[in-house]
Each structure stands twice: as structure tokens, then as C-alpha cells.
J.: 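Can you read through this structure? Questions will come right after.
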Amino acid sequence: MKVTVGVCGGIAAYKAAELVRALQKHALDVHVVMTQAAQQFVQPLTFAALTGHKVITGMWETPDESGGSAASSIEHMDAAQTTDALVVVPATANILAKFAIGIADDFLSTLYLATTAPVIVAPAMNVNMWQHPATQANVETLATRNVRIVSPESGYLACGMTGAGRLAETEAIVEAVLSVLHHRNDLVGETVLVTAGGTREALDPVRFLGNRSSGKMGYAMAEAAQKRGARVILVTAPTALRAPADCEVVSVTTTEEMRQAVLSRLEQASIVIKSAAVADYRPKVQAGQKLRRSGPLTLDLEPTGDILREVVALRHPGMLVIGFAAETDDALAHGREKLMRKGADAIVLNDVSREGVGFDSDRNAVTFLTQDRSIEMAEMPKRELADHLLDEILALRRPRQVLAEADAGLPVAAGD
Ligand code: PMT
């Protein structure tokens, strides 16, 4: 497989050479594109020697500049069609901004627009530049367009300051590259049923009981699954979001409508992901006309059906069932209790009392809870998190298969 490494002008540019070597160890054919600024830090010859390929340093190269034969931008465009992934290291604030806006004024930014291959960026810069709202907004924009962000680490920076901005470890970048390369088709043949948004229970024709779910987490799960080759059924409560292309969308409002939509499609699903925030109660009686203000009002509520528990009860063999839990206090204990009570294979635990994550945020931080594991996932864009969650969800299949083979008296491969 061919991977293109885009090198930008930052002090960490020399680390791109280490990345090239690390990628080659995974039998990847690595090509390098350098911006003008990158060439102030490292010579193209370094990368040409490491890769055995001519390094693309500009749109319009002459034999003198590139050290090879003259090449046109049209020839270079071949790089956009043939690469299997583009990884940008170090991604400067400038290149992130160009990618986000769509400026194509050099070869790397043109390649970004022209390629349909997955893109990974590993930013590195001064802490203030990294934390600047403009840079953060650009990163968010790229994440929503499926660019995989390998977030910088905190520590002592070349500029003399301390904070976030140091290029991620090479291993983390390699892992991201391998994961996008291998992930592209790992859900082919699966039907993933995702629920999203917050259900609403009407009090009268104009009011409802609802919750703060925006649907962003569920839509991110749906899009990630779809991108990895799954057929996706998205059962969604009302949201302001545009559904990911090519998903089968079923719009519902109440918990009962969501319940029916899910149960009637359960037979088709191989993975069920219940990211929706579902109303646990509904008014026993719904007023036919708008309720008039007349002193204190007491609502008589009755419980709704627990869709997740019903899904677990009706699951067919091999189906994975994943719940979410939104907690405000003693999150881990409540998450564990929910995992046991609902009988799901895993619960994705959100501590929604935390600032900047959970409801309606573009970012989230969760704990992936199973019977025997608890995996912390640090704060990151929901779309990026969705891929990490799918990795863990798919990993649940392995021990299950081994156990099934052992039960059937089949030989179990050592080390599986
Ligand atoms: O939509 P966002 O703004 O992006 O926010 C994301 C989120 C915080 C809503 C989401 O990530 C999340 O945590 N969703 C689950 C919230 C929730 O309702 O948790 P719960 O603890 O009430 O329910 C636990 C599980 O049971 C959930 O999978 C829920 O879908 C399911 N459930 C709950 C009640 C019910 N009657 N039927 C259910 O199936």
C-alpha cells in the first residue's frame, strides 16, 4: 500500500524521517511531499534517500530544483489518485487552516483537496497557536470531514514554552495510519443499527418532555460505521443534524416509536448501538389541547419501555449490543450497574457533568465498560471517538468466537 507523508515547516519536521522509517517497517511504500517551509528544516534528499522515490517539493519543479526530471502538476496529481493515505507531519497551524478553508496554493494543499484517500494530520506548534480558537475551529472542521487528528502531546516545546503542542509519538501516528488503512473495510457485511438524539414525550400539542441530546454522538457513530463499509440503519429522534449520506434513516419522536422502529429492524442488525437518550417516562394522559396556566401543575408519568433491555432479550446469536449511559454523579458505579442490569455487551459511559463534553458538544470523553474491562478514552472530537469505539466494539467479537469454537470442541488457535 502507498502512503504519502506531507512534511510541513516546523521544528518537528526532522521527526518525519523517523515516521517514514516506521511506516516502511509495516511494508508500506512511502512517498514524501514537502512544503517550501519544510525545506528550511530538512533537505528533500533525506527523504529521497530513505524512500527511494523523488520527493515532490512544489507544483512546478524544474530539473535543478528537484534533482530529477522536470514534472508538471498534472503528473503530480497522479499522487492524489494512487495514494492509500495522506499523513501530514508536522501539521502546522497554517496547513490546518488551508485544509479547513480549501486553499490550494502549493502541492500539499492541492493534494489534500484532490485525494479521496483517508487523511491523518499530526499537529505540532507553539502552545498558544495550538490553543488559539482559530486553530481549534480548523481542527474541528477537519475532524467533521473525517480527517483523523493525532492530537499533540503536552510537554516542553522547542519555543521554550510548556504545554500542548508537541508532536505525538511516532508510534501513535503509525497506529493512526495503520488503523485508517485497515479500517476502511472492516465493517463490510455488517448491518449496524444506531439510535441517536433525544426522544420526546408530548404533554400537550405544543409542549414535550425531552432532554439535551443533540444526536451528534449517534450520528458520528453512524457515519463512522458507514465509512467502514457497514450498512447503517439510523433510528433518530428529532435533531438539527444532516444524516450521513447513504444511511437508511428512520425518523421517530417518542420512545415508543423508537422502540417499534428498532425492534422491527432487529432481525437485520448484527450490531446495535444505542446512543440515543431515551425518555424513561411519559405523561399518562396527553392533553388534547394546550394546557392553560392555572397554579401548580402535577404531572402523572408512567415508565416507557426499556428498548435496550428488550433488544438484549431478543438478540440473535452473534449480535453485539452496545448501550450508552449519561451520568452526572458516581459515573463508574452507575455505569457498571447499568451494564449488569441491561445485559449489554458494553456500555459507553459519559460523565455529562464535565465541561465541554457529552450533550451537544462536538467533543466527548468516555469510558468503554465491559464485564471485565474499563477503557478510558480521552477527550477528542466525537467523530474520532466513534472510530475508537468501533475498534473496541469489533474487538468484542474475538473472545466470543474463540469461546464458541471451544464450546463446539473445535481446536482453538494458540495466542488468539
Ligand atoms: O446526542 P449528543 O448531544 O451528542 O450527546 C450524546 C449523549 C450524551 C446523549 C450520548 O452519548 C449518551 O450518553 N446517550 C445515552 C444517554 C442515556 O439516555 O443514558 P441512560 O443512562 O438514560 O440510558 C442507558 C441506555 O439505555 C442508553 O443506551 C439508552 O439508549 C437506553 N435506554 C434508556 C431508556 C429506555 N427507556 N430505553 C433505552 O433503550
Side-chain angles (χ1 to χ4, degrees), residues 140 143-144 193-201 209-224 234-241 243-244 252 254-263 266 269 271-282 301-315 320-369 377 379-386 388-389 393:
E140 290 293 347
T144 58
L193 193 159
V194 180
T195 68
T199 59
R200 298 175 178 181
E201 302 298 337
L209 293 176
N211 61 65
R212 291 177 49 212
S213 171
S214 63
K216 287 178 183 172
M217 191 67 239
Y219 278 52
M221 295 301 302
E223 185 181 289
L234 175 62
V235 177
T236 176
T239 72
L241 305 173
V252 299
T254 65
T255 299
E256 182 52 26
E257 285 169 10
M258 182 170 276
R259 178 178 166 272
Q260 283 177 22
V262 169
L263 297 185
L266 206 55
I271 300 176
V272 176
I273 301 176
K274 290 226 66 259
S275 10
V278 180
D280 279 311
Y281 290 92
R282 65 174 158 241
L301 303 177
E302 63 183 5
T304 56
D306 189 326
I307 309 169
L308 182 54
R309 285 186 73 168
E310 278 191 79
V311 168
V312 169
L314 296 170
R315 68 195 294 171
L320 291 172
V321 183
I322 314 299
F324 272 64
E327 302 296 342
T328 55
D329 57 287
D330 214 355
L332 198 58
H334 285 302
R336 285 231 161 273
E337 183 276 325
K338 242 167 225 177
L339 178 70
M340 303 310 286
R341 180 162 51 85
K342 304 245 182 186
D345 294 296
I347 286 280
V348 181
L349 175 62
N350 297 263
D351 180 349
V352 288
S353 65
R354 281 184 54 182
E355 278 285 307
V357 296
F359 287 121
D360 201 23
S361 166
D362 290 326
R363 302 173 72 80
N364 211 356
V366 300
T367 308
F368 186 80
L369 283 180
M377 297 192 183
E379 184 184 326
M380 64 184 97
K382 282 180 175 169
R383 179 61 182 77
E384 191 183 338
L385 180 66
H388 289 291
L389 287 170
I393 292 167

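We number each residue from 1, following the sequence as shown. Any value given below was found using the heavy atoms of this structure, including those in side chains, with hydrogens, waters and symmetry copies removed. Start at 1 and go down the list; that is how both ligands and their atoms are numbered.
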J.: So, regarding M217 and ligand 1 (criterion: nitrogen or oxygen to nitrogen or oxygen, under 3.5 Å), is there a contact or not?
T.: yes
J.: So, E384 and R363, do they make that salt bridge, N to O below 4.0 Å?
T.: no
J.: For M258, is the nearest heavy atom under 4.0 Å from an atom of ligand 1?
T.: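 Flag not set, M258 not near ligand 1.
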J.: State, with a plain yes or no, whether a side-chain heavy atom of N364 is found less than 4.5 Å away from one of V357.
T.: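 Answer yes - side chains close enough.
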J.: I'd like the name of whichever of K338, E256, K382 reaches closest to atom 20 (P) of ligand 1 through any heavy atom.
T.: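 Nearest heavy atom to atom 20 (P) of ligand 1 lies in K338.
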J.: With only distance considered, is S361 within less than 3.5 Å of ligand 1 through an N or O on each side?
T.: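 The answer is no, given that S361 and ligand 1 share no N or O pair closer than 3.5 Å.
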J.: Heavy-atom contact check, 4.0 Å cutoff: does G305 meet ligand 1?
T.: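 Within the 4.0 Å threshold, so yes.
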J.: Which of the numbered atoms in ligand 1 are below 4.0 angstrom from a heavy atom of A277?
T.: 16 (C), 17 (C), 18 (O)
J.: Is V348 in polar range of ligand 1, meaning some N or O pair under 3.5 Å apart?
T.: no
J.: Looking only at heavy atoms of S275, does any of them come nearer than 4.0 Å to an atom of ligand 1?
T.: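 Contact present.
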J.: Give me the nearest non-hydrogen protein atom to atom 33 (C) of ligand 1 as residue plus atom name, then the distance to 0.1 Å.
T.: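 The answer is K342 NZ, 3.6 Å.
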J.: Which is closest to atom 35 (C) of ligand 1 in terms of heavy atoms, V278, L308, D360, L339?
T.: V278
J.: Using a strict threshold of under 4.0 Å (side-chain N to carboxylate O), is an ion pair present between D362 and K382?
T.: no
J.: Would you say V352 and ligand 1 have an N/O pair spaced under 3.5 Å apart?
T.: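 In fact, backbone or side chain, V352 has no N or O that close.
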J.: Tell me the salt bridge (charged side-chain N to carboxylate O under 4.0 Å, His left out) pairs involving residues 329-340, sequence neighbours left out?
T.: E327-K338, E337-R341
J.: Starting from atom 37 (N) of ligand 1, find the nearest protein heavy-atom neighbour and note its residue, name and distance.
T.: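 Nearest protein contact, heavy atoms only, for atom 37 (N) of ligand 1 is I307 N, 3.1 Å.
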J.: For ligand 1, is there an N or O atom under 3.5 Å from any N or O atom of K274?
T.: yes
J.: Any N or O on G197 sitting closer than 3.5 Å to an N or O of ligand 1?
T.: no
J.: Can you tell me the protein heavy atom closest to atom 9 (C) of ligand 1 and the distance?
T.: F359 CE2, 3.5 Å
J.: Has T239 got a side-chain atom pairing as donor or acceptor with G197's backbone, closer than 3.5 angstrom?
T.: no
